[in-house]
2 protein chains.
Amino acid sequence: MLKTVTANPVTSEFNACRRCRAARLCRLARKPPAGTDASTKVVLRHRRLRRGDYLYRTGDPLHSLGVVCSGSVQTCLLHPDGTTQITGFHLAGEFTALGDMNAKQHTRDGVALETTCVCEILLSQLLELCHESPDVRRDVLQLVFDQLAHNEAQLLPLVGRKSATEQLAAFLLSLSERLAERGFSGEDFSLSMSRQDIGSYLGLAKETISRLFSRLENEGVISLDARRLRLTDPRRLAGLAAGATGL
Amino acid sequence: MLKTVTANPVTSEFNACRRCRAARLCRLARKPPAGTDASTKVVLRHRRLRRGDYLYRTGDPLHSLGVVCSGSVQTCLLHPDGTTQITGFHLAGEFTALGDMNAKQHTRDGVALETTCVCEILLSQLLELCHESPDVRRDVLQLVFDQLAHNEAQLLPLVGRKSATEQLAAFLLSLSERLAERGFSGEDFSLSMSRQDIGSYLGLAKETISRLFSRLENEGVISLDARRLRLTDPRRLAGLAAGATGL
DNA sequence: CGAAGTCTTGATCCCGTTCAAGGAGCGTGG
DNA sequence: CCACGCTCCTTGAACGGGATCAAGACTTCG
């Protein structure tokens with residue numbers, strides 16, 4: 001069921017590209033640096049995925065970094081005991097597989113949650129560009145440092161053993177902010193992942209997620225119709241994420 | 001009783017330096033690259049700290065990266081509500097403050113847990129070297145990618161909501177491995193941090209840590225005298241960390 | 001339509017927290 | 001030297017948040 005329809009060269013710019021974190025990198029990468037001839041391989045290629053398609057699988061050699069143009073991707077870790085764990089959601093404008101950069105291969109499965117378009121930056125090209133361009137160097141370092149800081153921030157609520165309510169509220173706000181950053185509505189959007197996935201990601205049972213959604217809706221903080229989510233009281237939600245004991 | 005006899009300027013090499021993750025970086029940094037005159041500022045300076053001394057404080061401008069030569073450092077996050085949370089332990093040969101590299105200032109307090117010696121790599125110098133030397137570039141990228149992978153690995157047991165036993169076992173093994181990597185004994189060492197600190201780091205109550213230590217000792221997995229720890233049955237400990245239900 | 005996956009809600013249970021009290025180690029000053 | 005105070009550690013008892021088990025409703029798709 002994994003039919004991947006790739007085709008487009010990098011001729012036309014996607015809407016999402018404008019606010020993509022890799023936009024600058026992308027532009028730099030597309031114009032072959034002075035001194036190389038025009039036969040330099042295309043640095044970016046696009047892949048189009050449908051719900052359930054794999055962007056990569058655990059154990060695949062790590063050839064490229066993926067940047068989500070549109071749609072969303074989740075990464076799943078396969079445990080030896082057969083269970084799987086969701087380790088991240090990647091929205092438009094975000095990178096995937098950064099955590100595998102020190103290895104030679106992918107340590108997770110990357111799966112599209114909906115119809116999704118991904119730009120792939122070939123590592124060989126990226127590293128070459130790193131040597132040639134100080135701008136690329138700076139961008140790459142900045143990117144990685146941002147990711148480090150992001151990961152550390154993500155770690156805190158988990159270690160701090162925040163309550164399930166706080167965690168879910170923080171998760172919804174994180175989605176909201178990231179969507180808003182890319183120009184989408186941050187207060188009315190669709191959850192591309194299941195309750196189960198959210199639970200796995202946050203370390204909570206799917207039943208708990210369900211119960212919390214119900215409570216948040218009863219309290220008027222959110223409004224939920226299947227997977228369509230509206231943040232009717234974002235400030236209150238932020239309060240809950242910060243540990244307000246109102247609920 | 002923590003009297004460490006260090007004194008050396010950068011002329012002679014510390015023991016710990018041989019296995020330090022930054023050793024190569026350090027060597028590269030010390031010899032001014034060709035083309036710069038000898039007046040180039042010394043890239044590394046040493047700081048000696050005693051138990052409780054601050055290596056840096058939250059809000060301090062980020063001038064340098066620290067590498068622990070000997071001893072240990074913990075990082076504490078100060079929450080708005082006045083509580084603090086331990087976010088990391090840094091042993092000999094390890095970096096501190098990598099997570100702050102994307103910011104202009106430190107986001108944590110760095111505190112020595114015992115008599116500790118730290119090399120500081122000035123960022124300005126490091127970035128300059130990055131531009132001049134491909135070797136430094138490669139080392140810096142590798143370093144950061146390793147840290148990213150390390151952080152992600154750390155995230156998993158927390159999200160997976162491992163039991164307290166699994167978490168503590170994994171924590172002890174992590175300490176053991178990191179010490180062994182630097183040439184210390186991995187099966188007989190001293191905990192430089194309190195039960196409280198361990199609990200804060202793992203998201204558990206200090207009482208729970210205490211109880212677990214007692215149980216592990218009764219089971220013959222470890223032997224504990226105050227803070228002197230011996231792993232009497234490392235394989236069993238590894239089993240517990242992996243989720244064996246033996247205890 | 002039926003079948004499978006997803007979501008909701010209820011009842012019970014367990015692990016780790018919290019509260020509380022006491023013990024052990026250590027430095028200080030009499 | 002011991003008494004004192006402090007911090008850290010240990011152990012017990014009760015509570016509670018979230019997991020688990022179970023059953024039923026809704027959605028999606030062949």
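Below, chain A is the first sequence line, B the second, and so on; all start at residue 1.
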* Please state how far atom CD1 in Ile198(A) lies from atom C1' in dC7(C), giving the value in whole angstrom units. => 12 Å

* Asked: Counting only heavy atoms not in Arg50(B), do more than 12 fall under 6.0 Å of its CZ?
  -> no

* To do: Any pair with a residue in residues 63-82 of chain A that passes ring pair (Phe, Tyr, Trp, His ring centres under 6.0 Å), sequence neighbours left out, goes on the list, sorted by first then second residue, please.
  => none

* Donor-acceptor side-chain pairing of Ser223(A) and Thr232(A) below 3.5 angstrom -> no

* **Nearest-Å distance for atom pair CZ/P, residues Arg228(A) and dC7(C)** => 16 Å

* Hey, are Glu166(A) and Ser163(A) close enough side-chain-wise for a donor-acceptor pair under 3.5 Å? -> yes

* Asked: Rounded to whole angstroms, how far apart are CG on Asn218(A) and C1' on dT8(C)?
  -> 12 Å

* **Thr75(B), Asp109(B), Asp100(B) screened by side-chain hydrogen bond (donor to acceptor under 3.5 Å, both in side chains) with Thr58(B), the one that passes** => Asp109(B)

* Regarding Arg182(B) and the six-membered ring of Phe184(B), is the cationic atom NZ or CZ under 6.0 Å from the ring centre and inside 45° of its axis? -> no

* Asked: Going from CD on Glu181(A) to CG on Leu91(A), what distance comes out if it is rounded to the nearest 0.5 angstrom?
  -> 10.0 Å

* To do: Give me the bend of the helix from dC1(C)-dG30(D) to dG30(C)-dC1(D), using the axes of the five pairs at each end, rounded to 10°.
  => 30°

* Indicate for each nucleotide in nucleotides 14-25 of chain C, in 5' to 3' sequence, whether protein heavy atoms under 4.0 Å reach the base (B), only the sugar-phosphate (S), or nothing (-). => --SBBB------

* Shoot me the first and last contacting nucleotide of DNA chain D against chain B, ordered 5' to 3', at under 4.0 angstrom to non-hydrogen atoms. => dC8(D) to dA13(D)

* **ring pair (Phe, Tyr, Trp, His ring centres under 6.0 Å) pairs, two or more places apart, involving residues 193-231 of chain A** => Phe89(A)-Tyr201(A), Phe171(A)-Tyr201(A)

* Asked: How many Å lie between CZ on Arg227(A) and C1' on dC7(C), as a whole number?
  -> 10 Å

* Could you tell me the separation between the CG atom of Leu212(B) and the CD atom of Gln167(B), rounded to the nearest 0.5 Å? => 10.0 Å

* Asked: Under a 4.0 Å N-O cut-off, is there an ion pair linking Arg108(A) with Glu152(B)?
  -> yes

* Pairs in or reaching into residues 187-197 of chain B: which pass salt bridge (charged side-chain N to carboxylate O under 4.0 Å, His left out), with residues at least two apart or in two chains? -> Asp188(B)-Arg228(B)

* Would you indicate what Ser210(B) reaches in the nucleic acid, counting non-hydrogen atoms under 4.0 angstrom: base, sugar-phosphate, or nothing? => base

* To do: Provide, to the nearest angstrom, the distance between the CD1 atom belonging to Ile209(A) and the C1' atom belonging to dT9(C).
  => 15 Å

